[in-house]
Amino acid sequence: MPVSELPGGLKRVEAPLSDDDVRALRAGDRVRIFGRVYGARDAAHKRLIEMLDRGDQLPVDLAGQIVYYVGPTPARPGAVIGAAGPTTAGRMDRYTPPLLELGLKAAVGKGGRGEALRPEFQKHTACYLAALGGAGALASRTVKQARVAAFDELGPEAIFELELEDFPAWVVNDCYGADHYATVAEPWRKSSSPGTSQASSELGGG
């Protein structure tokens, strides 16, 4: 099963993902990713969109797949990969809709996505997952195999085919239009609004 339950309230996610698999993921869910994902960041995304604009066939089939926004550092001798932490996902916002059109089902990165992408995730039954930033060495431990799949000349910005095992992430944007970051931030926004401050209320001023 591409999406299944794990102990501790976690969900196991493995591509290829169907629409039904993505529907099983809700904003706030904690997941563990297994199996193949494509690693790609800014330069690779730019190259893919340029190829689409020219009508060229892409070097990888993204249908049902997961893209991890990563540019790994060189591997030390004997290691599969170097540090492999997530890069800022917002930089890929402008490239994402055309890739969702091709059937991409999930992206993994750091930070939030623009509001304009929420309806795109709904339209294409796709989702966005966040990984822990600043922990590239830790993330690299979950990479069991790595090879360049395309654009070797881009070095660390090439497209990589990565085999993951127990990679931790959580669902930020689901296919229902929810944004986990917005949900968890809402109480803080309310508490900081004049006249509705929780702190003010607790002090008898609300």
Side-chain angles (χ1 to χ4, degrees), residues 1-4 11-27 29 31-72 84 86-87 89-110 113-114 116-131 142-152 154 157-167 169-178:
M1 289 282 291
V3 175
S4 58
K11 289 185 176 178
R12 185 184 194 278
V13 176
E14 182 172 357
L17 300 171
S18 67
D19 286 357
D20 283 343
D21 295 322
V22 176
R23 291 188 187 103
L25 299 172
R26 295 283 188 157
D29 283 350
V31 308
R32 294 290 186 269
I33 302 172
F34 292 76
R36 187 185 68 181
V37 307
Y38 286 114
R41 51 177 296 171
D42 310 53
H45 277 74
K46 182 175 183 291
R47 183 78 64 90
L48 290 173
I49 299 307
E50 289 172 347
M51 294 182 71
L52 286 176
D53 289 343
R54 292 195 301 267
D56 295 343
Q57 185 173 1
L58 299 188
V60 294
D61 181 3
L62 294 176
Q65 299 303 316
I66 301 170
V67 167
Y68 176 31
Y69 301 145
V70 63
T87 195
R91 295 204 306 271
M92 259 56 72
D93 278 6
R94 59 179 167 159
Y95 304 124
T96 299
L99 303 186
L100 296 177
E101 287 277 359
L102 295 176
L104 177 68
K105 285 299 171 189
V108 185
K110 178 176 67 178
R113 309 304 298 264
L117 276 184
R118 294 189 200 178
E120 295 292 337
F121 289 130
Q122 289 181 273
K123 177 182 176 182
H124 299 288
T125 318
C127 61
Y128 167 63
L129 316 175
T142 71
V143 181
K144 301 307 174 185
Q145 295 182 45
R147 75 172 187 88
V148 174
F151 310 150
D152 189 23
L154 294 180
E157 296 223 18
I159 296 178
F160 289 86
E161 188 174 292
L162 307 174
E163 190 76 18
L164 302 184
E165 183 177 290
D166 207 26
F167 181 95
W170 59 94
V171 182
V172 175
N173 294 104
D174 62 25
C175 66
Y176 302 97

[X] to [Y] - nearest heavy-atom pair and separation:
{"X": "L52", "Y": "P98", "result": "CD1-CB, 4.0 Å"}
{"X": "A150", "Y": "A158", "result": "O-CB, 3.5 Å"}
{"X": "L17", "Y": "A106", "result": "CD1-CB, 4.2 Å"}
{"X": "R113", "Y": "A107", "result": "NH1-CB, 4.2 Å"}
{"X": "V60", "Y": "Y38", "result": "CG1-CE2, 3.7 Å"}
{"X": "A24", "Y": "V3", "result": "CB-CG1, 4.1 Å"}

Answer yes when E163 and K144 have at least one side-chain N-carboxylate O distance shorter than 4.0 Å, and no when they do not.
->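 No.
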Once you round to the nearest 0.5 Å, how far does [atom1] of [X] lie from [atom2] of [Y]?
{"X": "E101", "Y": "L62", "atom1": "CD", "atom2": "CG", "answer": "12.5 Å"}
{"X": "F34", "Y": "I66", "atom1": "CZ", "atom2": "CD1", "answer": "11.5 Å"}
{"X": "L117", "Y": "D93", "atom1": "CG", "atom2": "CG", "answer": "4.5 Å"}
{"X": "L25", "Y": "Y176", "atom1": "CG", "atom2": "OH", "answer": "9.0 Å"}
{"X": "T142", "Y": "Y68", "atom1": "OG1", "atom2": "OH", "answer": "7.0 Å"}
{"X": "R118", "Y": "E120", "atom1": "CZ", "atom2": "CD", "answer": "13.5 Å"}

Can you find a pair of side-chain heavy atoms, one from [X] and one from [Y], that are under 4.5 Å apart?
{"X": "I33", "Y": "E14", "answer": "no"}
{"X": "L104", "Y": "H124", "answer": "no"}
{"X": "E157", "Y": "F151", "answer": "no"}
{"X": "P59", "Y": "L48", "answer": "yes"}
{"X": "R41", "Y": "R91", "answer": "yes"}

Surrounding [atom1] of [X] (heavy atoms of other residues, nucleotides or ligands, distance under 6.0 Å), is the total greater than 12?
{"X": "K46", "atom1": "NZ", "value": "no"}
{"X": "R94", "atom1": "CZ", "value": "no"}
{"X": "Q57", "atom1": "CD", "value": "no"}

Among V108, V143, L162, find the residue that satisfies the side-chain contact (heavy atoms from CB on, under 4.5 Å) test when tested with F167.
->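 Exactly one candidate clears the test, V108.
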Indicate the ring-plane relationship of Y128 and Y69, choosing parallel, tilted or perpendicular according to the 30° and 60° boundaries.
->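 Ring orientation, 0 to 90° scale: parallel.
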Please name all residues satisfying ring-ring contact (aromatic ring centres under 6.0 Å, His included) with F160, sequence neighbours left out, ordered by chain then number.
->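 In terms of ring-ring contact (aromatic ring centres under 6.0 Å, His included), with neighbours along the sequence ignored, F160 is linked to no residue.
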With sequence neighbours excluded, tell me which residues meet ring-ring contact (aromatic ring centres under 6.0 Å, His included) with F121.
->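 With sequence neighbours excluded, F121 shows a ring-ring contact (aromatic ring centres under 6.0 Å, His included) to no residue whatsoever.
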When D29 is tested against each of K11, R12, R23 for salt bridge (charged side-chain N to carboxylate O under 4.0 Å, His left out), which residue passes?
->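 Among K11, R12, R23, the one meeting salt bridge (charged side-chain N to carboxylate O under 4.0 Å, His left out) with D29 is K11.
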Would you sort out whether V67 and M92 count as a side chain to side chain contact (heavy atoms under 4.5 Å, CB included), showing the intermediate values?
-> CA-CA 11 Å; V67 167; M92 259 56 72; over 6 Å; no
Closer than 3.5 angstrom, by distance alone: can the side chain of [X] be matched with the main-chain N or O of [Y] as a donor-acceptor pair?
{"X": "D174", "Y": "R26", "value": "no"}
{"X": "K105", "Y": "T125", "value": "yes"}
{"X": "D21", "Y": "S18", "value": "yes"}

